[in-house]
Number of protein chains: 2
Amino acid sequence: MISLTEENYLKALFNLANNAGEVNVNELSKQLAIKMPTVTSMMKKLAEKKLVYYESYKPLRLTEKGKKEAALVVRKHRLTEMYLVDKMGFGWEEVHDIAEQVEHVRSAQFFDKIDELLGFPKLDPHGAPIPDKNGKLAWVSYDKLSNCHAGDIVKVSAVIHTSSEFLKFLNNREISLGTKIKIKSIEPFDRSMVVSYGNRPADTLSHIVCERLLVTFG
Amino acid sequence: MISLTEENYLKALFNLANNAGEVNVNELSKQLAIKMPTVTSMMKKLAEKKLVYYESYKPLRLTEKGKKEAALVVRKHRLTEMYLVDKMGFGWEEVHDIAEQVEHVRSAQFFDKIDELLGFPKLDPHGAPIPDKNGKLAWVSYDKLSNCHAGDIVKVSAVIHTSSEFLKFLNNREISLGTKIKIKSIEPFDRSMVVSYGNRPADTLSHIVCERLLVTFG
DNA sequence: TTATTTTGTTAGAATAATCTAACATTGTAG
DNA sequence: CTACAATGTTAGATTATTCTAACAAAATAA
Ligand SMILES: [Mn+2]
Ligand SMILES: [Mn+2]
Ligand SMILES: [Mn+2]
Ligand SMILES: [Mn+2]
């Protein structure tokens with residue numbers, strides 16, 4: 001049995017893992033706003049449960065079992081967010097905090113029903129992929145808008161670090177998933193981009209913003 | 001701040017309260033499947049928080065504040081059940097356990113939205129009244145079918161002790177809220193009732209069942 | 001390479017929620 | 001009005017989760 005607290009640690013490990021699947025105690029501590037000694041002791045406990053590989057002073061890694069359990073929590077989170085947006089009429093900036101709680105409901109039936117009512121969606125409202133019932137995540141590759149070049153025409157496909165404030169900012173700028181953006185020029189000084197999209201012929205996006213927008217070509 | 005655990009105690013107190021608003025430690029202990037000493041210590045804690053009146057060896061009573069907080073938890077529970085049945089297609093026998101968990105979500109927006117999507121329902125899928133946002137409960141008075149007489153024609157309006165098993169039994173017998181039942185005779189030996197309803201001209205309902213069906217006349 | 005900063009661990013304590021064992025009070029049946 | 005049963009409380013312990021203070025290792029800078 002995995003407790004609510006343990007689910008939150010697993011999810012954070014999953015979301016923070018780099019290419020090598022590694023996470024530092026310090027990052028995890030910051031992500032969860034829980035002090036490092038507490039994180040260390042929880043990692044020992046999760047290692048006991050065969051959910052995490054833990055060795056002193058080494059980076060943390062989820063085991064296969066841990067990855068699967070983590071993905072299932074992420075699945076519950078993302079399905080919930082999608083349901084809140086598509087079926088209940090919430091804005092994409094409102095759903096994360098609610099999903100943070102609903103994700104801990106223990107009822108396969110409940111999430112299966114959500115999945116079905118949504119028509120088995122592949123992506124959540126922020127463009128993140130939804131793991132399947134076996135915890136398998138279909139990998140989707142996006143580029144950061146900040147890595148694109150002048151003249152490129154791209155489509156906003158996902159957002160990262162989805163704070164409510166950032167999403168409200170995008171709402172004000174009328175940027176949402178699917179928005180087609182043309183990069184008119186890039187300011188070398190601060191790497192801000194002058195872009196055009198929708199009915200905005202010349203809008204400027206700061207580098208901070210461009211780093212958080214994931215795009216696809218074509 | 002009221003913890004998930006405290007919410008469960010408050011809800012149980014609310015649901016168990018008799019006419020005088022009193023609950024015994026023992027009943028509460030059984031309801032929650034938590035040992036009496038644990039209940040006693042929790043009652044002291046809730047008394048500290050001014051949610052419960054507690055005196056040694058006296059029956060437990062919710063304070064006004066406690067009643068309101070309890071009613072708000074009951075509201076979340078019943079709204080959730082109604083949503084699961086009306087908007088998600090669950091059966092009335094499937095929703096209690098899920099609502100037991102969802103009721104602890106802390107988000108006024110979430111439950112306000114549910115309320116709105118349901119059109120501000122007054123009753124849950126088991127016929128129980130839904131407290132308003134101020135924790136006020138509109139009192140509805142039903143009679144037990146077991147207190148009715150031969151010849152009476154009544155409408156099933158609510159069910160009590162809504163275990164999944166009991167509700168599945170009602171599903172098999174094709175009894176639901178709104179079913180009109182005519183009492184043909186009452187067996188004095190075991191107080192079972194021979195009734196007719198729907199397309200069942202003569203069905204027998206045991207006293208146990210009749211005690212759990214709440215009905216209205218007219 | 002030595003000093004300093006950053007990261008991570010250990011030790012010890014706190015809070016919340018729970019339990020069992022033992023004791024006390026209340027209620028009930030003769 | 002006792003005796004027994006039922007109910008309720010106290011004491012002490014346990015588990016889960018968290019913290020601060022102190023120490024240790026690793027990484028970085030000088
Ligand atoms: Mn989210
Ligand atoms: Mn969470
Ligand atoms: Mn219920
Ligand atoms: Mn509950």
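Sequence lines set the chain letters: A, B, ... in the order given, protein chains first and strands last, and positions in each chain run from 1.
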*asked:* I'd like to know if the side chain of B:Lys65 reaches the main chain of B:Lys49, judged simply by a donor and an acceptor atom lying under 3.5 Å from each other, with no hydrogens or angles considered.
replied: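 Present.
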
*Say whether, by atom type as modelled, one donor and one acceptor occur between the side chain of B:His126 and the main chain of B:Trp92 under 3.5 angstrom.*
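Present.
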
Regarding [X] and [Y], does a basic nitrogen lie under 4.0 Å from an acidic carboxylate oxygen?
X	Y	result
A:Lys67	A:Glu64	yes
A:Arg191	A:Glu211	no
A:Lys50	A:Glu69	no

Spacing between [X] atom [atom1] and [N] atom [atom2], to the nearest angstrom:
X	N	atom1	atom2	result
A:Met42	D:dT15	CE	P	15 Å
B:Asn26	C:dG27	CG	P	13 Å
A:Leu28	C:dT7	CG	P	14 Å
B:Lys30	D:dG8	NZ	C1'	12 Å
A:Glu22	C:dT7	CD	P	16 Å
A:Met43	C:dG8	CE	C1'	13 Å
B:Met1	C:dA16	CE	P	14 Å
B:Asn24	C:dT26	CG	P	14 Å

*asked:* Counting only heavy atoms not in A:Arg106 (residues, nucleotides, ligands), do more than 12 fall under 6.0 Å from its CZ?
replied: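 Yes - once you tally the heavy atoms of other residues, nucleotides and ligands closer than 6.0 Å, there are more than 12.
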
Short heteroatom pairs, N/O only, protein and nucleotides 19-22 of chain C, under 3.5 Å:
from, atom 1, to, atom 2, distance (Å)
C:dC19, OP2, B:Lys35, N, 3.0
C:dC19, OP2, B:Thr38, OG1, 3.0

_Minimum-distance pair of heavy atoms, taken over all atoms of B:Met82 and B:Asp124_ =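 Between these two residues, the closest heavy atoms are SD-C, 3.6 Å.
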
*Just to confirm, is there a sub-4.0 Å distance from OP1 or OP2 of C:dG8 to any side-chain nitrogen or oxygen of A:Thr40?*
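No, because none of the side-chain N or O atoms of A:Thr40 sits under 4.0 Å from OP1 or OP2 of C:dG8.
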
*Ignoring backbone atoms, test whether B:Tyr9 places a side-chain nitrogen or oxygen under 4.0 Å from the OP1 or OP2 oxygen of C:dT18.*
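The answer is yes; a side-chain N or O of B:Tyr9 sits under 4.0 Å from OP1 or OP2.
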
*What residues in residues 52-60 of chain B put a non-hydrogen atom under 4.0 Å from any atom of DNA chain D?*
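Of all residues in residues 52-60 of chain B, the ones placing a heavy atom under 4.0 Å from DNA chain D are B:Tyr54, B:Ser56, B:Tyr57.
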
*Could you tell me whether B:Arg212 sits above the aromatic face of B:Phe166, with NZ or CZ closer than 6.0 angstrom to the six-membered ring centre and within 45 degrees of the axis?*
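Positive - B:Arg212 is close enough to the ring of B:Phe166 and near enough to its axis.
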
*Evaluate the side-chain proximity of B:Phe14 to B:Val73: yes if any heavy-atom separation is below 4.5 Å, no if none is.*
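A side-chain contact is absent here, since even the closest heavy-atom pair is not under 4.5 Å.
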
